[in-house]
Amino acid sequence: MDVDAIRGTAAGTAPVPLSVLDLVTVGNGYTANRALRTSVEIAKLAERRGFHRHWVAEHHSMPGVASSAPAVILAHLAAHTSRIRLGSGGVMLPNHAPLVIAEQFGTLEAMAPGRIDLGLGRAPGTDGATAAALRRTDRLNEGAEDFPQQLAELTRFLDDDFPDGHPYARIHAVPGPVQGPAARPPIWLLGSSGFSARLAGTLGLPFAFAHHFSAANTVPALDLYRDSFRPSELLDAPYAVIGVSALAADDEREARRQTLTNALSMVRLRTGRPGLVPTPEEAESYQFSALEREFVDSWLSNVISGTADEVRAGLDGLQKRTGADELMLTANAHGPEVRVRSYDLIANAYDMPPAV
């Protein structure tokens, strides 16, 4: 596989390639339809302005996001773009049979050849009860522990190379190689701790770390990935992306108001009260308890927000501290226009290609 399927090229004055991580957020007063149309707007803007890829993250039973079916959304985005890489950030492998994922992403690759990434995680992307409903079992730890085996099975389906005598040797994921020579999406491992970092390094796979919600573990995980790395047919050297919560607005106060909406959403999620993303007015008037305020302060300390120049400075500093090969930006806010505007402002700050 061409290494260019992994490595991007920095646009404008950005220190590394910039990409999009899309949670398809749904704000109070909006609909899932509007959120999905916003994802198309963002993908088209990102393509015009030189962002490298646009990934969609799998979540379930969360009213504030509409990204429960990444493969479906990616097919929709592929129909509205022509160059930008599209992928899952990620598909939660233990939630699905490996054959199903191989079929879905083989179909996506056939629809958008050379543009699809298959990012895999081992968490459920939801609470325990929802995970049990997804997997039709309450033995949830089993999925995480079996992750390397599930990954190996998925890879075999994608490559159509189960050995003779294997129970699945006569089963073929289609679209796929059984129909003739075919490329397949590169596999990425995603994580927020050391498990996937070490596994990605050992297998010679690219690695994406969730800095946006596990910032304290970013540098240790990236160090572990690089130390564990063994060259593979896919990569001859480590390639690490970090997800970053970044929101730019036309003035600093508006950026702070918008990021507070996401912080309140996280408070509600962590306390078992998930809902639509609140409005800035609702977030500003909310009476946080002492424990909630402590959580919010910690959460916001890992969000890069402000004017475009402030966000650029924050991203530059983060990239230098971590040595990340690519920054994947997630702009979580209440209003669709705010999210689109943020990516545009950041592109302006880095003198990325003009929107035409």
Side-chain angles (χ1 to χ4, degrees), residues 1-6 53-60 67-79 81 84-125 131 133-137 142-191 196 199-200 202-208 232-235:
M1 184 176 294
D2 189 342
V3 74
D4 287 345
I6 303 299
R53 64 183 103 236
H54 182 131
W55 280 6
V56 178
E58 177 184 347
H59 293 85
H60 299 280
S67 56
S68 57
V72 177
I73 298 171
L74 293 172
H76 186 55
L77 297 180
T81 57
I84 193 169
R85 296 195 66 85
L86 301 169
S88 55
V91 164
M92 301 297 108
L93 178 53
N95 290 348
H96 311 276
L99 176 57
V100 171
I101 297 176
E103 291 174 333
Q104 290 176 346
F105 278 78
T107 301
L108 287 168
E109 180 66 29
M111 296 170 74
R115 291 206 290 139
I116 302 300
D117 297 324
L118 175 50
L120 301 169
R122 67 187 185 102
L134 282 166
R135 303 175 188 181
R136 301 183 66 82
T137 178
E142 189 176 79
E145 294 168 357
D146 290 347
F147 184 80
Q149 178 182 338
Q150 294 168 339
L151 175 61
E153 183 178 310
L154 171 59
T155 303
R156 291 283 192 184
F157 276 125
L158 288 170
D159 292 335
D160 198 41
D161 66 352
F162 282 101
D164 292 341
H166 192 281
Y168 298 158
R170 299 181 65 180
I171 298 174
H172 309 287
V174 292
V178 69
Q179 297 165 321
R184 71 159 170 85
I187 289 177
W188 291 68
L189 293 192
L190 282 59
S196 292
L199 183 60
T202 300
L203 297 177
L205 297 176
F207 177 56
S232 67
E233 292 183 5
L234 182 63
L235 276 180

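Minimum interatomic distance between P94 and G121 (heavy atoms only, all atoms of both residues): CD-O, 3.4 Å. Taking each heavy atom of A169 and G165 in turn, the nearest pair found is CB-N, 4.4 Å. Considering every non-hydrogen atom in both E153 and F162, the closest pair reads O-CZ, 3.7 Å. Minimum interatomic distance between A5 and P186 (heavy atoms only, all atoms of both residues): O-CG, 4.1 Å. Closest non-hydrogen pair, A173 versus F157, comes out as CB-O, 3.8 Å. Closest non-hydrogen pair, G191 versus S196, comes out as CA-CB, 4.1 Å.
Looking at L118, L86, I116 one by one, the single match for side-chain contact (heavy atoms from CB on, under 4.5 Å) with L108 turns out to be I116.
Put simply, the side chain of E103 never gets that close to the backbone of P175: no donor and acceptor are under 3.5 Å apart.
Within the model, atoms OG of S232 and CG of L203 stand 8.5 Å from one another, a figure rounded to the nearest 0.5 Å. Rounded to the nearest 0.5 angstrom, M92 CE and H60 NE2 are separated by 8.0 Å. Here the straight-line distance linking atom CZ of R85 with atom CH2 of W55 works out to 9.5 Å at 0.5 Å rounding. T155 contributes atom OG1, which lies 5.5 Å from atom CZ of R184 (distance to the nearest 0.5 angstrom). Atoms CD1 and CD, on I73 and E58 in that order, are 10.0 Å from each other to the nearest 0.5 Å. Distance check, rounded to the nearest 0.5 Å: CG of L120 to CG of L199 gives 10.5 Å.
Annotation: side-chain hydrogen bond (donor to acceptor under 3.5 Å, both in side chains) contacts of R53 (sequence neighbours excluded): D117, E326.
Counting only heavy atoms from C-beta outward, the side chains of L93 and R122 never approach each other to under 4.5 Å. Residues T81 and R115 form a side-chain contact, since some pair of their non-hydrogen atoms from C-beta on lies under 4.5 Å apart. Within the 4.5 Å cutoff, side-chain heavy atoms of L234 are placed close to those of P206. Under the 4.5 Å side-chain criterion, counting only non-hydrogen atoms from C-beta, H172 is not in contact with P177.
Identified under the ring pair (Phe, Tyr, Trp, His ring centres under 6.0 Å) test for residues 98-123, with sequence neighbours left out: none.
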